[in-house]
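Data block below; observations after.
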Amino acid sequence: MNIDDRTEWLEADGLGGFASGTVSGIRTRRYHALLLTATTPPTGRVVLANGFDAWVDTPNGSFALSTQRYAPDVLHPDGASHIDHFTVDPWPTWDYQLADGTRVIQELFVQHDTGVTVVVWTLARATGPVTLRVRPFLSGRDYHSMHHENGAFRFAADRRDAVVAFTAYDGVPRIVALSNGEYRHAPEWFRNFLYTAERERGLDDVEDLASPGEFSWRLSVPGEQAVWALRAGAADDHATLTADDVVTFVADARTGERRRREAFPTTLDRSADAYLVRRGAGQTIVAGYPWFTDWGRDTFIAIRGLCLATGRLAEARNILVEWAGAVSEGMLPNLFTDHGETPEFNAVDASLWYVIAVHELLTLVPKRSKLLTTVQQRALETAVMQIVEGYARGTRFGIRMDADGLLAAGVPGVQLTWMDARVGDRVITPRIGKPVEIQALWLNAVHIASQFDGKWRDAFDRGRASFRERFWNEDLGRLADVIDVDHIPRTCDDAFRPNQILAVGGLPIAIVEGERARRIVDAVEAHLVTPVGLRSLAPGEPGYAARYEGNSSQRDAVYHQGTVWPWLIGPFVEAWVNVRGRTNAAKREARARFVAPLLEHLDTAGLGHVSEIADAEPPFTPRGCPFQAWSLGELVRLDRTVLAETKKKTLTSREAQA
């Protein structure tokens, strides 16, 4: 097997924590970890156990089951070369074939709702008794930072029967290790781990980790197992367990976790579940792994695919009702706030996406259903009206309904749309004025409000007429990206961006239809569509960037300057099908042309998931988060709703005679 340190796996715990790594086992990110826990779910993430080295001592010598990369660029030991097969079904599993014929299976999974990481090694074939040795690498750091050798780290191990606990630093959760093996205390620093993904991102890329000792297991016959479970615990959380207790615990955890995963109808459903996590007594959606938490805009876009399209209406209800009480002056904050934090109302579109999500939930919930109480439904409808009325009246950052029925938004120095990159004080794509997708969202929100209060029908008709008159560019055959730029009347920014596609597809109501809609879709397909999503700027436009590379500032400067965004494939494909009459033939063609490449992508970066972004030119290298909620959500929405074929009605004999 070739050493693969690009393809990554994820084991999410439903609390905001996770374990992650590469197929090769070589850690390439600061976020790759064995035990990464959220101390205030889904935030407060800390890395407790970064990884481990593993060796198998056989009668014919010692063989590694792991590989680390050390600076300047040295791979050691050679365990990755012994991997014969890898799978993520039902969890990451490595099949190691050693030179003397010994075969060891290594499995790793995270128990949902507990955050316990379990590793099981099974001796599958042996020429004699073997000893498995495992040395953990610990840190106890914030998941965004790096760890370096220091005198404050506590190597001390608290041992009670089959339980060994470590407290790396004050204020950091205790690391509790359970095993059916032996522990030998042998403190040592391992220095200069090199993380190539961090180096590519222009960030600090070298780390030191502490290893307090070594766990070992004697395995004699095929089928015998070494089990190891790691969890975060409080300082006084240190139960006494025997080796048999640990084996029983792991067996039960394994059975329960397998049963939970097998309950999902498809692997896409199982992947979608990774983003649904606990927040307090409620639920939320993590925007992406490994570095995002939960954000408003991402949540309301992703929820349509991750929850509504998969039938998880109760989870969608819980999330949307939780947000309903957060409306302020017509706006929702763009992220959940933690204790003591000030809400950030810095998105014009997040609240509008919320209206869309609520509308689709209410459409799916049957009347008189117990799924929504009267109080909950009233809360959702009230939030919708507060948003629409607040925006129309005028709120923060110059957001207001203009006389033409369209929505103006923006002030200098603040990025309000999803194209929100900035470098220092410089907003890369300010888009102040009347951005095209904001109008599509606004008009959809007004149309939804008109179903609760008829007074909004005139506003919708006026706004739609203004949109069709003012955004269309006949010479270019497409829509402007922003009009009334910087609030200067009759000005126009015709930069060729994908935002206009939302006027044709991706929302409940298409604002542009007919021949103009077809020309928009054709133009977008010709210049913006790639196998993994839509470019954020067309080639040839000023500022177009083919690659998303360099340090943080360099990458942020091109974040929306050509970089491909997979989530946009959802609105595009829906628009593509819309202009072709939504026929089954069009849906099948769309699956083959646009969805099939994304399904292939599920096996190339974050296994079973869709990346956040990709380079704008071949080979369209995946970038950013390898596990992104709205990217996967839009793929699921396409699969389950947009491209679901209409079944022909079978006539009864009476209907046929009529």
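What you see is a predicted model; the values in this text were computed from it and never measured.
The aromatic rings of Tyr275 and Tyr289 are tilted relative to each other, their planes meeting at an angle between 30° and 60°.
Across Ala409 and Val348, no two heavy atoms sit closer than the pair CB-CG2, 3.9 Å. Contact between Glu360 and Pro508 at its shortest, heavy atoms only, is OE2-CG, 4.2 Å. Here the shortest heavy-atom pairing between Ala517 and Val512 reads CB-O, 3.5 Å. Counting all heavy atoms, side chain and backbone alike, Ala350 lies closest to Asn334 at CB-OD1, 3.7 Å. Scanning all heavy atoms of the two residues, the minimum distance from Ala616 to Ala545 falls at CB-O, 3.7 Å. The two atoms that bring Ala316 and Leu361 nearest to each other are CB-CD1, 4.3 Å, heavy atoms only.
At distances below 3.5 Å, not a single donor-acceptor pair connects side-chain atoms of Asp420 with backbone N or O atoms of Gln415. Asp615 places no side-chain N or O within 3.5 Å of a backbone atom of Glu617 that could act as its donor or acceptor partner. With hydrogens and angles disregarded, no donor-acceptor distance shorter than 3.5 Å links the side chain of Thr641 to the backbone of Ala309. In this structure a side-chain-to-backbone donor-acceptor pair under 3.5 Å is present from Ser351 to Leu332. Looking at Arg623, its side chain never comes within 3.5 Å of a backbone N or O of Val564 through a donor-acceptor pair.
Between Trp630 and Val610 there is no side-chain heavy-atom pair separated by less than 4.5 Å. Put simply, the side chain of Met419 reaches to within 4.5 Å of the side chain of Pro498, judged on heavy atoms.
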As a quick check of understanding, evaluate side chain to side chain contact (heavy atoms under 4.5 Å, CB included) for Val327 and Ile387, giving each step before the final call. CA-CA 7 Å; Val327 180; Ile387 290 167; 4.3 Å; yes
Derivation and outcome, side-chain hydrogen bond (donor to acceptor under 3.5 Å, both in side chains), residues Arg497 and Gln561: CA-CA 9 Å; Arg497 296 186 181 278; Gln561 295 296 99; 2.7 Å; yes
Take Arg431 and Glu437 through the test salt bridge (charged side-chain N to carboxylate O under 4.0 Å, His left out) and record every step on the way to the result. CA-CA 11 Å; Arg431 306 183 73 230; Glu437 84 282 7; 2.7 Å; yes
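In this structure, Arg426 does not pair ionically with Asp556, as no charged nitrogen and carboxylate oxygen lie closer than 4.0 Å. Looking at Glu329 and Arg393, no side-chain N of the basic residue comes within less than 4.0 Å of a carboxylate O on the acidic one, giving no salt bridge. Using a cutoff of 4.0 Å between basic side-chain nitrogens and carboxylate oxygens, Arg6 and Glu200 are scored as salt-bridged. Between Glu525 and Arg518 there is no salt bridge, since no side-chain N of the basic residue sits under 4.0 Å from a carboxylate O of the acidic one. The residues Asp461 and Arg464 are annotated as salt-bridged, a charged nitrogen and a carboxylate oxygen being separated by less than 4.0 angstrom. Ion pairing between Arg637 and Glu574 holds under the 4.0 Å rule for side-chain N and carboxylate O. Remark: Glu381 does not engage Arg378 in a salt bridge, criterion side-chain N to carboxylate O under 4.0 Å. Salt-bridge annotation for Arg470 and Asp484: present, with a side-chain N of the basic residue lying under 4.0 Å from a carboxylate O of the acidic one.
In this structure, a donor-acceptor pair under 3.5 Å is absent between the side chains of Arg555 and Asn551. Using a 3.5 Å distance cut-off with no hydrogens or angles, the side chains of Asn499 and Trp418 do pair a donor with an acceptor. Asp404 and Ser466 share no side-chain donor-acceptor pair at under 3.5 Å. The closest side-chain donor-acceptor pair between Ser450 and His447, if any, does not fall under 3.5 angstrom.
The side-chain tip of Arg201 points at the ring of Trp291 from less than 6.0 angstrom away and within 45° of straight on. The side-chain tip of Arg396 points at the ring of Phe345 from less than 6.0 angstrom away and within 45° of straight on.
Side-chain rings of Phe594 and Trp576 approach one another, their centers coming within less than 6.0 Å.
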